[in-house]
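Here the structure is a predicted model, which means the values were calculated and not measured. Just follow the structure's listing: the first ligand is 1, and inside any ligand the first atom is 1.
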Amino acid sequence: MKSSLLQMLRTKENEFISGEKLSEKLGCSRTAVWKHIDALRKEGYNVEAAPKKGYRLSDEPDTLSKHQLESRLKDETFITAVHHYPSIHSTQETAHQLASENAPEGTLILADEQTKGKGRLGRQWHSPRETGIWMSLILRPDIEVKRAPQLTLLTAVAVVRGIKNAVGIDPEIKWPNDVLFEGKKVAGILTEMQAEPDKVHAIIVGLGLNVNQSQFPAPLDTIATSLRIESGKSVNRTDVLSSILIEWDWLYRTFLKEGFAAVKPLWEAHALTMGKRITARTPKETLTGIATGIDDSGVLLLRQDDGTLRHIYSADIEC
Ligand code: BT5
């Protein structure tokens, strides 16, 4: 009910909408409408009321609430449910738990703060309160296990395009999972899987995106940035998250229908490493050469100085 009410108030941007119309459209009494408006106000929404005119939404808080997102995304994306937590260990951990309890594809887990946010290989992800987007998405695609890393690349494309649409600035992608502004990391992606050797049960895509931090503690201060630092203004988290998920939605549908090859040119258009000299630290060795691109399955291609072409499946990259 609250989501539908918000949706209606938003469609009349800067205009009043009468209590009568709201109660008619929502199928409830005017007293019920008033109660929901009061609840929205308590959450920080500025809903003006004027005699004979009705209600007008003039300001929204920067919270990542379940009904705010549902009201924006329900009709536009494949998101089926939003679970929002003020503070949890890790959205990734909670998503794994929900996935093993059969949560459907499109379940989105969000937190205002993570106390044990994680990166790849047991690294930590700094996730302070209400300054970023800390989220995990449960997917159940019918794809081969080896294709799961392609979803990291797809997510990076959605993040870059979503940021461009919502904030008007252009980050770059560093293979496989970093989104950067001039070498500083604004977002990281973590793709994990619940699978048998030949069957994917669930893929959990985690995204950490720095939004409104104005500074970072050492040692992150030299390597991290935020949308606020890059754009010079504070950014509404719901706006940027909605924009990313709308991009994500059509990229994912394209991926399921046409395969990764259809997403690859979009990835290449934003990739930082293409044609550059890089060092790739894989779990087994350190390789240096020119990153010539990615193949149709998303694997990084590295031309070593002796001319040998190497396929890199997983690594940390320095350029
Ligand atoms: C990543 O790992 O970049 C994946 C990060 C995924 C985080 C999300 S948040 C929501 C979901 N729930 C979770 O628990 N995790 C996911 P990796 O490539 O391993 O990079 C980790 C490294 O990035 C750390 O070792 C730090 O050097 C750096 N780092 C940590 N926090 C950062 C931040 N907020 N901004 C920029 N860099 C950070």
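In Ser136, the part holding a heavy atom less than 4.0 Å from any atom of ligand 1 is the side chain. Counting heavy atoms under 4.0 Å from ligand 1, residue Val186 does not touch it at all. Residue contacts with ligand 1, taken as heavy atom pairs separated by less than 4.0 Å, involve Arg123 solely via side-chain atoms from C-beta onward. Within the 4.0 Å heavy-atom criterion, the part of Gln114 lying near ligand 1 is the side chain and not the backbone.
Closest to atom 18 (O) of ligand 1 by heavy atom, among Thr94, Val179, Thr191, Asn177, is Asn177.
The closest approach between a heavy atom of Ser127 and any atom of ligand 1 is not below 4.0 Å. Using a non-hydrogen distance threshold of 4.0 Å, His89 does not register as a contact of ligand 1. For Leu121, the closest heavy-atom approach to ligand 1 does not fall below 4.0 Å.
Considering both main-chain and side-chain atoms, Lys118 comes within under 3.5 Å of ligand 1 through a nitrogen or oxygen pair.
No option in Gln92, Glu192, Glu93, His89 other than Glu192 meets the side-chain hydrogen bond (donor to acceptor under 3.5 Å, both in side chains) test with Lys118.
Side-chain contact of Thr80 with Glu105: a donor-acceptor pair under 3.5 Å is absent, judged by distance alone. Inspection of the His84 and Asp112 side chains reveals an N or O donor paired with an N or O acceptor under 3.5 Å.
The contact set between ligand 1 and Met135, taken as ligand atoms under 4.0 Å from a residue heavy atom, comprises 10 (C), 11 (C). Near Gly117, meaning under 4.0 Å from any of its heavy atoms, are these atoms of ligand 1: 14 (O). For ligand 1, the atoms sitting less than 4.0 Å from at least one non-hydrogen atom of Gly188 are 3 (O), 4 (C), 5 (C), 6 (C), numbered in the order shown with element in parentheses. Heavy-atom proximity to Gln124, at under 4.0 Å, picks out these atoms of ligand 1: 24 (C), 30 (C). For ligand 1, the atoms closer than 4.0 angstrom to any heavy atom of Ile223 are 27 (O).
In terms of protein heavy-atom proximity, atom 26 (C) of ligand 1 is closest to Leu220 CD2, 3.8 Å. Looking only at protein heavy atoms, the nearest one to atom 35 (N) of ligand 1 is Asn210 ND2, 2.8 Å.
A salt bridge between Lys174 and Asp316 is absent, with no side-chain N of the basic residue lying under 4.0 Å from a carboxylate O of the acidic one.
Aromatic ring orientation, Phe78 versus Tyr252: tilted (interplanar angle from 30° to 60°).
Neither Trp134 nor Phe216 shares a network with the other; the hydrophobic side chains, linked directly or stepwise wherever heavy atoms of I, L, V, M, F, W or Y lie under 4.5 Å apart, form separate groups for each.
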